[in-house]
Amino acid sequence: QVQLADSGGGLVQAGGSLRLSCAASGRTFSSYAMGWFRQAPGKEREFVGAINWSGGSTYYADSVKGRFTISRDNAKNTVYLQMNSLKPEDTAVYYCAARRGSFRSTLAEYDYWGQGTQVTVST
């Protein structure tokens with residue numbers, strides 16, 4: 001079916017930037033959304049942002065609004081998460097996810113997940 005490969009994590013200093021990528025392969029849907037979630041140690045997985053693939057509408061959690069930007073490349077079936085002005089509290093494993101239909105902010109609404117990529121913001 002659908003496989004998601006997320007990548008781009010790494011170690012960065014506070015105030016720096018990082019760009020995550022998520023490439024989708026396999027069967028896709030006529031209408032679907034791709035989102036990003038993150039999970040820090042000892043915390044529940046939380047919504048970061050999402051994009052409707054067809055129309056490009058985006059939604060962001062308040063904690064990242066103005067700093068993170070989601071974009072997509074239709075030809076590459078890839079969604080990106082551009083993270084600027086990173087803070088130590090952004091440290092987490094970031095997961096790419098996809099669902100049929102329009103975006104939702106609840107992780108249970110997503111059926112397809114990447115393996116996660118670690119983002120560590122120092123100082």
Side-chain angles (χ1 to χ4, degrees):
Q1 42 184 15
V2 177
Q3 293 83 43
L4 303 177
D6 39 22
S7 61
L11 177 63
V12 64
Q13 286 189 302
S17 299
L18 210 56
R19 187 197 194 203
L20 306 183
S21 300
C22 178
S25 61
R27 187 172 70 90
T28 57
F29 309 103
S30 59
S31 178
Y32 65 98
M34 296 183 67
W36 289 92
F37 294 78
R38 67 185 183 185
Q39 186 169 21
K43 296 184 178 180
E44 295 183 357
R45 193 170 302 182
E46 65 176 354
F47 175 77
V48 175
I51 184 170
N52 286 330
W53 198 257
S54 297
S57 300
T58 57
Y59 178 85
Y60 301 96
D62 290 339
S63 59
V64 305
K65 187 165 55 180
R67 299 188 297 121
F68 292 8
T69 303
I70 293 176
S71 62
R72 76 200 195 284
D73 188 326
N74 291 331
K76 296 181 179 180
N77 284 313
T78 300
V79 64
Y80 305 96
L81 182 65
Q82 179 67 47
M83 304 182 294
N84 299 325
S85 301
L86 283 164
K87 306 174 181 179
E89 47 264 46
D90 294 318
T91 296
V93 177
Y94 284 70
Y95 297 90
C96 176
R99 71 177 304 275
R100 289 182 290 177
S102 300
F103 72 83
R104 298 290 187 272
S105 60
T106 303
L107 63 88
E109 301 280 2
Y110 291 79
D111 294 319
Y112 310 98
W113 294 86
Q115 80 284 359
T117 181
Q118 176 70 49
V119 173
T120 303
V121 184
S122 64
T123 69

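The chain is numbered in sequence order, starting from 1.
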Asks: Under 4.5 Å between any side-chain heavy atoms of Asp73 and Tyr80, yes or no?
Replies: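 Counting from C-beta outward, Asp73 and Tyr80 do come under 4.5 Å.
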
Asks: If every non-hydrogen atom of Ser122 is compared with every non-hydrogen atom of Pro88, which pair is closest and at what distance?
Replies: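 That closest heavy-atom pairing would be O-CG, 4.5 Å.
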
Asks: If you measure from OH on Tyr110 to CG on Leu4, what distance do you get to the nearest 0.5 Å?
Replies: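 If I round to the nearest 0.5 Å, the distance is 11.5 Å.
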
Asks: Drop me the distance from Ile51's CD1 to Ser57's OG, to the nearest 0.5 angstrom.
Replies: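 One gets 8.0 Å once the value is rounded to the nearest 0.5 Å.
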
Asks: To the nearest 0.5 Å, what is the distance between OG1 (Thr117) and CG (Leu18)?
Replies: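 Output value for this atom pair is 8.0 Å.
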
Asks: Heavy atoms, side chains only, cut-off 4.5 Å: are Thr58 and Phe103 in contact?
Replies: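 They are not in side-chain contact.
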
Asks: If you measure from OG on Ser54 to CZ on Arg72, what distance do you get to the nearest 0.5 Å?
Replies: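 One finds 7.5 Å between OG of Ser54 and CZ of Arg72.
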
Asks: Of all heavy-atom pairs between Tyr59 and Ser105, which one has the smallest distance, and what is that distance?
Replies: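 Minimum heavy-atom contact is CE2-CB, 4.4 Å.
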
Asks: Work out which heavy atom in Tyr95 is nearest to a heavy atom in Gly116; give both atom names and the distance.
Replies: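 Nearest pair, atom of Tyr95 first, then Gly116: CD2-CA, 3.5 Å.
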
Asks: So Arg38 and Val64, do their side chains get closer than 4.5 Å, heavy atoms only?
Replies: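 Val64 vs Arg38: side chains touch.
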
Asks: Report yes if the side chains of Gln1 and Asp111 come closer than 4.5 Å at any heavy-atom pair, otherwise no.
Replies: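 The answer is no; the side chains never approach within 4.5 Å.
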
Asks: Does CD in Gln13 sit with more than 12 non-hydrogen atoms of other residues, nucleotides or ligands closer than 6.0 Å?
Replies: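 Open: at most 12 neighbouring heavy atoms sit under 6.0 Å from CD of Gln13.
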
Asks: Please determine whether residues Val93 and Phe68 belong to a single hydrophobic cluster, defined as Ile, Leu, Val, Met, Phe, Trp and Tyr linked transitively by side-chain heavy-atom distances below 4.5 Å.
Replies: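 Hydrophobic grouping puts Val93 apart from Phe68.
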
Asks: Of all heavy-atom pairs between Ser85 and Ser17, which one has the smallest distance, and what is that distance?
Replies: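 Distance-wise, the nearest heavy atoms are N-OG, 4.4 Å.
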
Asks: Side-chain contact test, heavy atoms from C-beta onward, threshold under 4.5 Å: evaluate it for Asp90 versus Met83 and give yes or no.
Replies: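 Side chain of Asp90 against side chain of Met83, heavy atoms only: no contact under 4.5 Å found.
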
Asks: When you compare the side chain of Thr91 with that of Gln118, does any pair of heavy atoms fall below 4.5 Å?
Replies: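 Touching, per the 4.5 Å side-chain cut-off.
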
Asks: Kindly say whether Ala92 contributes a backbone atom to a donor-acceptor pair with the side chain of Gln39 at under 3.5 angstrom?
Replies: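 Looks like no, no N/O pair under 3.5 Å.
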
Asks: Starting from the C-alpha separation in whole Å, work towards a yes-or-no answer on side chain to side chain contact (heavy atoms under 4.5 Å, CB included) for Trp53 and Asn77.
Replies: CA-CA 9 Å; Trp53 198 257; Asn77 284 313; 4.2 Å; yes

Asks: What is the ring orientation for Phe37 with Phe47, classed by angle as parallel under 30°, tilted 30 to 60°, or perpendicular over 60°?
Replies: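 Ring orientation of Phe37 relative to Phe47: perpendicular.
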
Asks: For a quick test of reading the model, state the closest non-hydrogen atom pair linking Ala24 to Met34 and the distance between them.
Replies: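 Ala24 and Met34 have their closest heavy atoms at CB-CE, 4.4 Å.
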
Asks: Just checking Glu89: does its CD atom have more than 12 heavy atoms from other residues, nucleotides or ligands closer to it than 6.0 angstrom?
Replies: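 Check passes, neighbour count above 12.
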
Asks: Once you round to the nearest 0.5 Å, how far does OH of Tyr94 lie from CG of Leu81?
Replies: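 These two atoms lie 7.5 Å from each other.
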
Asks: Out of curiosity, does Val79 fall in the hydrophobic cluster containing Leu107 (side-chain heavy atoms, cut-off under 4.5 Å, transitive links)?
Replies: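 Not linked; separate clusters.
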
Asks: Which pair of non-hydrogen atoms, one from Lys76 and one from Thr78, has the smallest distance, and what is that distance?
Replies: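 Of all heavy-atom pairs spanning Lys76 and Thr78, the closest is O-OG1, 2.9 Å.
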
Asks: Do Cys96 and Trp113 touch side chain to side chain, with heavy atoms closer than 4.5 Å?
Replies: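 Heavy-atom side-chain distance check fails, nothing below 4.5 Å.
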
Asks: Contact between Arg99 and Arg104 at the side-chain level, heavy atoms closer than 4.5 Å - yes or no?
Replies: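 The answer is yes, as the side chains (C-beta and beyond) meet within the 4.5 Å cut-off.
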
